[in-house]
Amino acid sequence: MRSIVWFRHNLRLSDNPPLYQAVREGPALPVYIWDPSLDTLPDGARKWWLAGSLRALNGEFISHGLALVLLRGPSEEILFRLARDLKVGAVHAAPGRTPEERSLDLRVARILSGAGISFRTESSDYLVPPEFVPEGRSGPWKIFAHFWRSCRSRLPPDLPLPAPERIVKVPGPQGERLGDWGWDPPAPDWAHTMRRLWRPGESAAHERLGAFVAEDLAGYGRRRDFPAEAATSKLSPHLAQGEISPRQIWWKVSESEAPEKDREKFLEELGWREFSAHLLWHHPEMRESPLRRSFLDYPWKTGGGEFELWKRGMTGFPLVDAGMRELRQTGSMPNRVRMVAASFLVKNLGISWRSGAAWFADNLVDYDPASNFASWQWVAGCGTDAAPFFRVFNPVLQGERYDPRGEYVRRFVPELARVPDRFVHRPWMISGGSENKSEDFSSSYPDPIVELATSRNKALQAFRRLSTPG
Ligand SMILES: Cc1cc2nc3c(=O)[nH]c(=O)nc-3n(C[C@H](O)[C@H](O)[C@H](O)COP(=O)(O)OP(=O)(O)OC[C@H]3O[C@@H](n4cnc5c(N)ncnc54)[C@H](O)[C@@H]3O)c2cc1C
């Protein structure tokens, strides 16, 4: 049977069930559709990555003697017209992940079935389907540890599928040019550092995984929180576009000779990705509303001058500023620093987690609607299994603990390059402390925009008012 393979967030040839199935059944046409109605937030950095990912996937198809057809517009109309004109019997795809994509899936299935064409979805985007709730449980999971224990008992996952050896093509339309979609940055080129650091695409994803397993998996548990070490996998943007599947990662990690505790810790981090997807599946409102309803009345601010300073990395708190500047330059930030920068925004500046999440969405190459919003709710204390609200990360103490010599901070905040280690996370003390008055190491670096203890207490008071009715 001839079919269309609709590529979405599974931009790979190997371990790709829709592609595998379609090719087994007959000739296939690979298609990618940019449907602007699904763009719920600006996501510039992710689009930059996606452009690279689509180019890489097209390169793979060219080596099989066909090309990825790029189309733009309402997905259901495009698929219907294409399927009808090409007389295919089926459209294969990975199922939608966001609420908008899921309702699109229903529309696609309806419109295609009206024309006698089947719409078949199958996924290897997660280790466990996001909707999964074990028999006997009344509702979705709330606590990560319980969720992961239940998933763990269903694992290992199936073995990954191979890439098709040969693909017979269905002759299709020419499609659009990626360069016409405006995803590559205009001048000035804000992506020049990203281009140097990252390489999108399936083969790059596997090289990254191989290098991580060989060099950094042993010791992952101990080193992962130290941002200067860069000891984590950096697989998140590859996962976000589906250039590699979690079960490919699972098997490579599980079969490595790294110590078991490091392997388990790493797989548990993949578990957080699964948990986030589970939450978004069962709480489609998660990107707008707090999962803990009591937070509906929390008096968050939504913007203003302090928000702008946070975005630009000019808060006067070195760890926060280094993270925010790294985000702008590279499209990423280590997990520990994401937590500290996010906590500072919501708890010390009192600005809504939704504003922070939108900024991250626009700037992260690994932007993933489930992980981003679940993580922001976790930090803000309003998620199901969240850090308690009174846990306010102190950016100075976090810096001194996880970046004791200021190597990470100095990399992104050059104003602090010459500041002695003991002041690098509290540079305001240089001019205040008598011993160093004559040496002004950091004159161009801003003073702190808030007082940590006062702003923390203010947040806690607002929280107590929420918790005490009346
Ligand atoms: C405020 C905030 C926003 C975030 N937004 C995103 C986002 O949009 N997209 C995203 O992929 N991750 C997000 N994260 C989670 C995490 O920071 C990144 O997944 C991680 O930093 C990616 O680096 P890595 O691939 O080297 O991770 P590793 O430590 O190597 O972990 C391996 C993989 O596990 C997954 N993972 C690890 N930690 C988490 C986590 N806390 N939540 C969900 N999955 C996790 C990722 O897929 C990651 O690639 C966010 C975290 C915070 C605190």
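As the structure lists them, so they are numbered: ligands from 1, and atoms in each ligand from 1.
The option from Glu269, Arg224, Arg338, Met333 that lies nearest to atom 4 (C) of ligand 1, judged by heavy atoms, is Arg338. Between Ala240, Ser371, Ser375, Ala380, it is Ser375 that holds the heavy atom closest to atom 2 (C) of ligand 1. Of the listed options Leu270, Leu217, Asp225, Asp216, Leu270 places a heavy atom closest to atom 33 (C) of ligand 1. With atom 32 (C) of ligand 1 as the reference point, the heavy atom nearest to it among Trp272, Phe212, Phe266 is part of Phe266. Here the shortest heavy-atom distance to atom 9 (N) of ligand 1, taken over Ile244, Val365, Asp366, Leu209, belongs to Asp366.
Among all non-hydrogen protein atoms, the one lying nearest atom 16 (C) of ligand 1 is Asn335 OD1, 3.3 Å. In terms of protein heavy-atom proximity, atom 28 (P) of ligand 1 is closest to Tyr220 OH, 3.5 Å.
Checked by distance only, ligand 1 and Ser236 come closer than 3.5 Å through their nitrogen or oxygen atoms. Among the atoms of Ser276, none of the N or O lies under 3.5 angstrom from an N or O of ligand 1. At least one N or O atom of Leu235, backbone or side chain, sits closer than 3.5 Å to an N or O atom of ligand 1.
The contact set between ligand 1 and Lys234, taken as ligand atoms under 4.0 Å from a residue heavy atom, comprises 24 (P), 25 (O), 26 (O). For ligand 1, the atoms lying closer than 4.0 Å to a non-hydrogen atom of Arg273 are 43 (C), 44 (N), 47 (O).
Salt-bridge annotation for Asp403 and Arg410: absent, with no side-chain N of the basic residue lying under 4.0 Å from a carboxylate O of the acidic one.
No part of Phe275 comes within 4.0 Å of ligand 1, judged by heavy-atom distances. Counting heavy atoms under 4.0 Å from ligand 1, residue Trp378 does not touch it at all.
In this structure, Glu274 and Leu270 have side chains that are not in contact, with every pair of non-hydrogen atoms separated by 4.5 Å or more. With contacts defined as side-chain heavy-atom distances shorter than 4.5 Å, the pair Phe275/Asp385 qualifies.
Listed for the Arg8 side chain is a donor-acceptor partner under 3.5 Å among the backbone atoms of Ala94.
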